[in-house]
Amino acid sequence: TGAWESADPSPKQIFYAVLGFSWTVYLWEAYLSYRQRRIYRSTTHVPQELGKIMDSETFEKSRLYQLDKSNFSFWSGLYSETEGTLILLLGGIPFLWGVAGSVTARFGFSPDYEITQSLVFLTLATLFSAFTGLPWSLYNTFVIEEKHGFNQQTLGFFLKDAVKKFVVTQCILLPVTSLLLYIIKIGGDYFFIYAWLFTLAVSLVLVTIYADYIAPLFDKFTPLPEGELKTEIETMAKSISFPLTKVYVVEASWLRINHSFNAYFYGFFKNKRIVLFDTLLEDYSPLNKAGDPQPEQPESEETSSESKAKPKNKKQGCNNPEILAVLGHELGHWKLGHTVKNIVISQMNSFLCFSLFAVLIGRKELFVAFGFTDSQPTLIGLMIIFQFIFSPYNELLSFCLTVLSRRFEFQADAFARAMGKASELYSALIKLNKDNLGFPVADWLFSMWHYSHPPLLERLRALGSVKQD
């Protein structure tokens with residue numbers, strides 16, 4: 001931030017301030033992860049307070065799993081910070097912009113076709129990051145998640161999924177970006193208001209269509225069959241005036257990485273739907289279907305130990321009263337206005353950023369700092385300002401939102417408790433933590449900075465039924 005406090009920072013000062021801040025954040029986060037890794041290494045026995053909650057075998061499994069994940073994130077974090085630095089130092093952004101220009105020129109577009117060039121640039125940039133991220137993603141899925149019994153994918157499924165995600169992302173990203181750039185170009189003095197209204201409209205449309213049109217491209221959604229659970233969910237929704245229209249189950253969510261996701265709701269006004277993941281539901285979870293072999297895991301020794309380990313938790317997922325308690329928590333977010341508050345905060349932030357962007361976009365030195373001496377493309381301006389110049393503000397905002405999110409989680413837990421579901425939520429949280437091999441001991445600084453949900457023990461204490469010896 002120091003860079004733009006002096007009267008007129010030189011392009012060089014801006015560049016090194018951005019780079020310096022990026023490394024400062026990286027080192028801070030690396031330090032926090034180091035503190036947390038120390039806890040994974042040193043906490044080898046179940047703390048007394050957790051004695052009744054977690055058996056020592058699950059505790060040890062979760063410790064080793066989180067240690068592997070932490071070591072992996074250290075190396076992948078170091079790689080991406082180094083890659084980002086090299087891209088900046090070697091002028092990767094202007095280079096790619098030039099490549100995009102050559103491609104558009106080959107198709108007979110002059111440099112005046114800035115939006116066309118921007119779309120080619122965006123496609124090349126996302127392709128680049130997809131390819132450089134692929135080895136890390138493969139290692140995470142087929143080494144770490146596989147080793148700890150979570151991966152259920154074949155390589156073919158993984159690659160098909162990755163291509164599908166890439167294509168769907170491009171189908172949304174490219175039209176939205178071209179319209180945004182067009183609005184900024186023709187919007188005149190008040191373009192930032194129109195740009196903000198456009199992004200607001202896009203986010204509302206995406207929220208509306210995501211579960212109906214985008215998510216089903218990747219997972220199978222089936223209506224929850226009539227029965228006891230559905231009736232109880234409908235009764236609970238009615239009791240708090242939640243305008244529920246449909247309840248879906250996401251089947252085969254376990255085909256990717258077999259973690260227990262729980263539930264979410266979506267929809268505007270009087271048209272709300274609830275989505276439950278099959279890994280949350282004891283009666284639906286594929287791992288509970290007796291005699292079903294775990295698909296495609298040839299490493300017999302590793303797999304047999306892992307598949308035997310699963311029934312140690314008796315079953316994956318929760319029983320009906322626990323599912324209702326989890327839903328009580330989720331509906332608490334709605335009843336307490338957390339969803340609306342989050343939308344309002346995010347839109348206020350978006351408006352503020354577009355207003356500041358309008359002030360800064362005319363500053364030629366920002367472009368020169370990142371190697372754009374002759375031209376000032378709007379897309380590059382968006383990238384420089386939103387990603388680099390705003391990074392101190394983004395970090396601060398992200399931390400504040402994490403703190404707020406933890407507060408909302410406690411409030412939603414309290415809402416479920418007020419509905420008389422404290423003991424069910426208590427046991428559900430323990431089960432979900434076991435299913436995901438969550439490690440229940442956290443360094444205070446690491447959890448304060450990173451955890452959007454309070455640590456398990458804090459939530460259990462707040463539910464008020466921790467059995468104190």
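FYI, the numbering just counts along the sequence from 1.
Centroid-to-centroid, the aromatic rings of W136 and Y139 stay 6.0 Å apart or farther. Aromatic ring centres of Y248 and F265: separated by at least 6.0 Å.
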Please output the side-chain donor-acceptor pairs of residues 122-131 that fall under 3.5 Å, not counting sequence neighbours, one pair per line with the distance.
residue, atom, partner, partner atom, Å
T123, OG1, L119, O, 2.8
T126, OG1, L122, O, 2.8
T126, OG1, T123, O, 3.0
T126, OG1, Q170, NE2, 2.9
S129, OG, T126, O, 3.2

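Taking the six-membered ring where the residue is Trp, F370 and F388 present parallel rings, their angle staying beneath 30° rather than reaching 60°. Ring geometry, Y65 versus F150: the interplanar angle falls from 30° to 60°, so the pair is classed tilted. Using bins of under 30°, 30° to 60° and over 60° for the plane-to-plane angle, the ring pair Y26/W23 lands in the perpendicular bin. Classified by interplanar angle (parallel below 30°, tilted 30° to 60°, perpendicular above 60°), the ring pair H333/H329 is perpendicular. The aromatic rings of H338 and F408 sit parallel to each other, their planes meeting at less than 30°, with 60° as the upper class boundary. Under the 30°/60° scheme for interplanar angles, the aromatic rings of Y264 and Y210 are found to be tilted.
Ion pairing between a basic and an acidic side chain is recognised when a charged N comes within 4.0 Å of a carboxylate O; D8 and R363 show such pairing. Taking the charged nitrogens against the carboxylate oxygens, K185 and E114 do have a contact shorter than 4.0 Å, which makes a salt bridge. For the pair D435 and K431, the salt-bridge criterion is not met [side-chain N within less than 4.0 Å of a carboxylate O].
In this structure, N262 contributes its side chain and L280 its backbone to no donor-acceptor pair below 3.5 Å. No donor-acceptor pair under 3.5 Å is formed between the side chain of N436 and the backbone N or O of G438. The backbone N or O of P455 lies less than 3.5 Å from no partner atom in the side chain of E458, so there is not a single donor-acceptor pair.
Side chains of Y393 and N349: a donor-acceptor N/O pair is present below 3.5 angstrom, by distance only.
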